[in-house]
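Step one of this worksheet: look at the structure below.
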Amino acid sequence: QVQLVESGGGLVQAGASLKLSCATSGRTFSRYAMGWFRQAPGKEREFVAAIHWSGAMTYYANSVKGRFTISRDNARNTVYLHMNTLKPEDTAVYYCAAKQGTIATGTQQSYDYWGQGTQVTVSS
């Protein structure tokens with residue numbers, strides 16, 4: 001069982017930056033690929049970014065490519081989402097997720113564990 005706890009959300013103005021963190025429990029964090037997803041009001045949850053177990057490979061949604069960076073620290077059992085040049089359309093609840101196996105994907109159904117989410121609100 002893996003427990004995920006997100007933090008770092010908040011209210012910022014357009015153009016600002018935020019760093020989200022996702023702390024995980026358990027001793028096998030390095031065996032999991034990790035992903036970030038988000039759900040805006042009235043919309044379905046969507047893929048944001050994902051990272052392989054080693055951090056060697058990362059994937060991004062087109063809407064955040066060049067602005068967001070996913071990273072992980074396996075020694076700290078933590079995955080991060082660095083968000084720059086935030087836009088109002090980035091407003092959403094952000095979830096981190098863990099996928100058994102080392103290969104990351106953008107498919108929600110392939111993830112086994114989810115956090116409770118952290119709210120990010122970007123004002124114009």
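A distance-only check finds a donor-acceptor pair linking the side chain of T24 to the backbone of N77 [under 3.5 Å]. Under the 3.5 Å distance criterion, the side-chain polar atoms of T58 are left unmatched by any main-chain donor or acceptor of I70.
Atom CD of Q116 is surrounded by 12 or fewer heavy atoms from other residues, nucleotides or ligands within 6.0 Å. Around the CD atom of Q3, the shell of radius 6.0 Å holds no more than 12 heavy atoms that belong to other residues, nucleotides or ligands.
W36 places a side-chain heavy atom less than 4.5 Å from the side chain of E6. Inter-residue side-chain proximity for Y32 and N74 is flagged as unmet; no heavy-atom pair is nearer than 4.5 Å.
Scored by the side chain to side chain contact (heavy atoms under 4.5 Å, CB included) test, K43 finds A40 as partners (sequence neighbours excluded). For T78, the side chain to side chain contact (heavy atoms under 4.5 Å, CB included) partners two or more places apart in sequence, or in a different chain, are S21, A23, R76, Y80.
G115 and Y95 get closest at one heavy-atom pair: O-CD2, 3.5 Å. Contact between Y111 and T105 at its shortest, heavy atoms only, is OH-O, 2.5 Å. When all heavy atoms of K99 and I103 are compared, the pair lying nearest together is NZ-O, 2.7 Å. Residues D90 and V122 come closest through the heavy atom pair CB-CG2, 4.3 Å. Heavy-atom minimum distance, C22 versus L4: SG-CB, 3.9 Å.
Linking Ile, Leu, Val, Met, Phe, Trp and Tyr residues whenever their side-chain heavy atoms come within less than 4.5 Å places L20 and M34 in a single cluster. Note on V12 and M83: same hydrophobic cluster, where clusters join Ile, Leu, Val, Met, Phe, Trp and Tyr whose side-chain heavy atoms are under 4.5 Å apart, directly or indirectly. If you chain together hydrophobic residues whose side chains sit under 4.5 Å apart, V93 and V64 never meet in one group. No chain of hydrophobic side-chain contacts below 4.5 Å, direct or via other Ile, Leu, Val, Met, Phe, Trp or Tyr residues, connects V79 to F37.
In this structure, NZ on K87 lies 14.0 Å from OG on S124, to the nearest 0.5 angstrom.
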Please tabulate, one pair per line, all N/O donor-acceptor pairs under 3.5 Å involving side-chain atoms of residues 44-51, not counting sequence neighbours.
| residue | atom | partner | partner atom | Å |
| --- | --- | --- | --- | --- |
| R45 | NE | Q108 | OE1 | 2.9 |
| E46 | OE2 | R38 | NE | 2.7 |
| E46 | OE2 | R38 | NH2 | 3.2 |

